[in-house]
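Below is one structure, written out as structure tokens; the observations come after it.
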Number of protein chains: 2
Amino acid sequence: MATGSKRARGGSGRVKLEEVARKANVSTATVSRAFNEPDKVSEEVRQRVKDAARALNWIPNAAGRALASRRTHIAGAIIPTLDNEIFAHQISGMQSVFSERGFTLFLGCSNYDPDEGLRQADAMLARGVEALAVVGESHPPELFEALNSRGIPYVVTYSYNKASPHPCIGFDNRAAFHRMTDHLLSLGHRRFAAIFQPDTNNDRVKERLRGIRDALAAAGLDIAAQDLMMGPSTLEFGAESFAALMTRTVGSRATAIVCGNDNLALGALMAARERGLEAPRDFSITGFDDLAISSRFSPGLTTMKVDNQQIGVLAANELLAVIAGEQARAQSREIVPVMKVRESAGRAQPR
Amino acid sequence: MATGSKRARGGSGRVKLEEVARKANVSTATVSRAFNEPDKVSEEVRQRVKDAARALNWIPNAAGRALASRRTHIAGAIIPTLDNEIFAHQISGMQSVFSERGFTLFLGCSNYDPDEGLRQADAMLARGVEALAVVGESHPPELFEALNSRGIPYVVTYSYNKASPHPCIGFDNRAAFHRMTDHLLSLGHRRFAAIFQPDTNNDRVKERLRGIRDALAAAGLDIAAQDLMMGPSTLEFGAESFAALMTRTVGSRATAIVCGNDNLALGALMAARERGLEAPRDFSITGFDDLAISSRFSPGLTTMKVDNQQIGVLAANELLAVIAGEQARAQSREIVPVMKVRESAGRAQPR
DNA sequence: CTGAAAGCGCTTACAG
DNA sequence: CTGAAAGCGCTTACAG
């Protein structure tokens, strides 16, 4: 009854630092220091405090701590979807680095809807994330403005673009597909088709298509409108698209099919097998991602590999370096995809 | 200089509720109510407050709010790994439900290390998660104790076990593999092998193996020690294991191979193809998961499908119901896997 | 090395 | 319907 509060505000019920202080016979300041700046506390007192904390099973309340210290030790990541292992691997890499450094990770999925991405970013900002990673550059300007005006360090992942105003950790999607197309050109192909995932709100896909077109243009070629199939990134769509492409008469049919990813290419290869068609005898085809199955499939799929987990690791490290004040801004890092030449793409057959 | 604080404690630099109140000419209490209990504020004042907030680009500080209200609007999920699409889909389902209800999601991966899972759970508890979902029951007792002693609602996902002391949202792994084994028995198989992922710290895998053994025991059969291959859940291990099993002389060789998941089964099927062996002519094989490729593969893979996204959705809804006080405890929900009978498992061939 | 106390940015019981 | 003010659980500048 001595110093009871005048208003009933029932606490959280959790043990609080004050109780630890009382039990250890020290001030609250000392308890705090014992955990956050241990060298500033004498060996003996430190031990006493830790014993008391353990005995009471105290877990510091992060809200109180965050309010007082203006640190949350929370980082956030926003990806389009977890249904794609590419992004899952990236998150996995980030998660482990952050966790190791005492950061907990918020995860948001935009489902390729920029507004949803913005909403989730706002929710994370309100909760005091100290850094944010977002996939790609296709986001509302408000998102980057919110980050910049609050001085929250961030990186764009998966895309890499020299000219970008944002720190990027990823690879040059355009250059990668330019390279793949050059490979097919060097095999003698002159007639190209493409099977792609949708490019709505997706700067990576747009860049990939541009890479193909750049390479073809340099050889005086292009992809005809009817030879560009765009749809869901499923085996089914890969298969259907392949079937559609093969309805063209042999003379005007593409000999090389560039797919936006391995899944689409594998779907096409399966459809081919059902029709008795074979790569590289009857056509050539390429993918992107180098899924585990792509190398073991028959024919082995020519594709490109990107270490997505590493993208996540690098992104987290850059963000942590900025948070720690080691650098003013996240630095861009370019990852170079590795080309995997296998049997699915061979020399163009004379017709 | 009038009421300046006596101590320099430089704030966060962010706009705060107090400034919104000043601009709108109301008290801080009114600003808070305008957002959290709008009916308690007159139409006109509410509008004035919202305008002021917008003009100042105010985002509420979640730490302050959490401290005062003892609500964080944060939930957490701990899964073994994101490298498995099964868990990625589950998280995806949870994420979207939570996000819709104003909750932000912490994601932790234990990498099948119970201590790491516990550490992440503690970090989440310190940050005030209002609910937690964990995959499976293989966790240190401290984890569940911490949850229970703090009254944090939780669910175990993916596993379902009638006898479990925890609320479970998932399926009965043992029953599923019992069913699959019965299917193979009904096809006349009497000699079984299994290719499985490791069962360390993994109650789901242990239950699956038990399901197989239960079904076999009922038929007076068992799996010989050398016919149980256990290793990484990769195509490679599936392939190697198949090769190893096929080195046995035909008479003592398994005719049915039960795989712990589709990936292992697909690896085995690929190895078979390389050797000129074919299912179901030369052997029968089953998987679990029904990956997209499993139905299109040739032969189509007999397997079982679980809607993992739905598990995530149900888990999030249960947790939200408890948080909202609609029920005292999360309720268990059993999902029933759907059997997909395809060509890879056929009648046992006479030898 | 340690403590008394102010302050972090909100919410909410109380009073009107 | 609105406001004055206490309080949520910590950290930290200041003083010793």
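The sequence lines fix the lettering, A, B, ..., with proteins before strands; numbering per chain opens at 1.
A donor-acceptor pair shorter than 3.5 Å can be found between the side chains of Ser99(B) and Glu116(A).
Side-chain contact check for Val26(A) versus Val31(A): some heavy-atom pair is nearer than 4.5 Å.
Under 4.0 angstrom from either OP1 or OP2 of dT11(D) there lies no side-chain N or O belonging to Ser69(A). For Asn36(A), a side-chain nitrogen or oxygen approaches OP1 or OP2 of dT11(D) to under 4.0 Å. In this model, the phosphate group of dG9(D) is not approached by any side-chain N or O of Arg65(A) to a distance below 4.0 Å at OP1 or OP2. Between Ser27(A) and dT2(C) there is no side-chain polar atom (N or O) within less than 4.0 angstrom of OP1 or OP2.
The base of dG9(D) lies outside donor-acceptor range of the side chain of Arg70(B), with no N or O pair under 3.5 Å.
Counting only Watson-Crick or G-U wobble pairs whose defining distances are both under 3.5 Å, the stems of 3 or more consecutive pairs in DNA chain C are C:1-3 with D:14-16, C:5-12 with D:5-12, C:14-16 with D:1-3.
Taking for each of Gly64(A) and Val31(B) the nucleotide of DNA chain C with the nearest heavy atom, the 5'-most of the two is the partner of Gly64(A).
Within the 4.0 angstrom heavy-atom criterion, only backbone atoms of the sugar-phosphate kind lie near Val26(A); the bases stay farther away. Nucleic acid contact class of Lys40(A) (heavy atoms, under 4.0 Å, all strands): base. Among the heavy atoms of the strands lying under 4.0 Å from Val45(A) are primed sugar atoms or P, OP1, OP2 only; no base atom is included.
Taking His166(A) as the reference, Glu137(A), Phe144(A), Tyr154(A), Val156(A), Ser164(A) meet the side-chain contact (heavy atoms from CB on, under 4.5 Å) condition, with sequence neighbours excluded. Gln309(A) pairs by the side-chain contact (heavy atoms from CB on, under 4.5 Å) definition with Ser92(A), Asp307(A), Asp83(B), not counting sequence neighbours.
Of the listed nucleotides (dC8(D), dC1(D), dC10(D)), dC1(D) has the atom at the smallest distance from the side chain of Ser42(B). Nearest nucleotide to the side chain of Arg33(B), out of dT11(C), dT11(D), dG3(D): dG3(D). You'll find that the side chain of Ala29(B) is closest to dG3(D), out of dG3(D), dG9(D), dG7(D).
Here the shortest heavy-atom pairing between Ile91(B) and Ala77(B) reads CD1-CB, 3.7 Å.
More than 12 heavy atoms of other residues, nucleotides or ligands shown are found within 6.0 angstrom of CZ on Arg150(B).
Rounded to the nearest Å, the gap between the C1' atom of dT12(C) and that of dG16(C) is 16 Å.
For Arg48(A) (side chain) and Ala24(A) (main-chain N/O), a donor-acceptor pair under 3.5 Å exists by modelled atom type.
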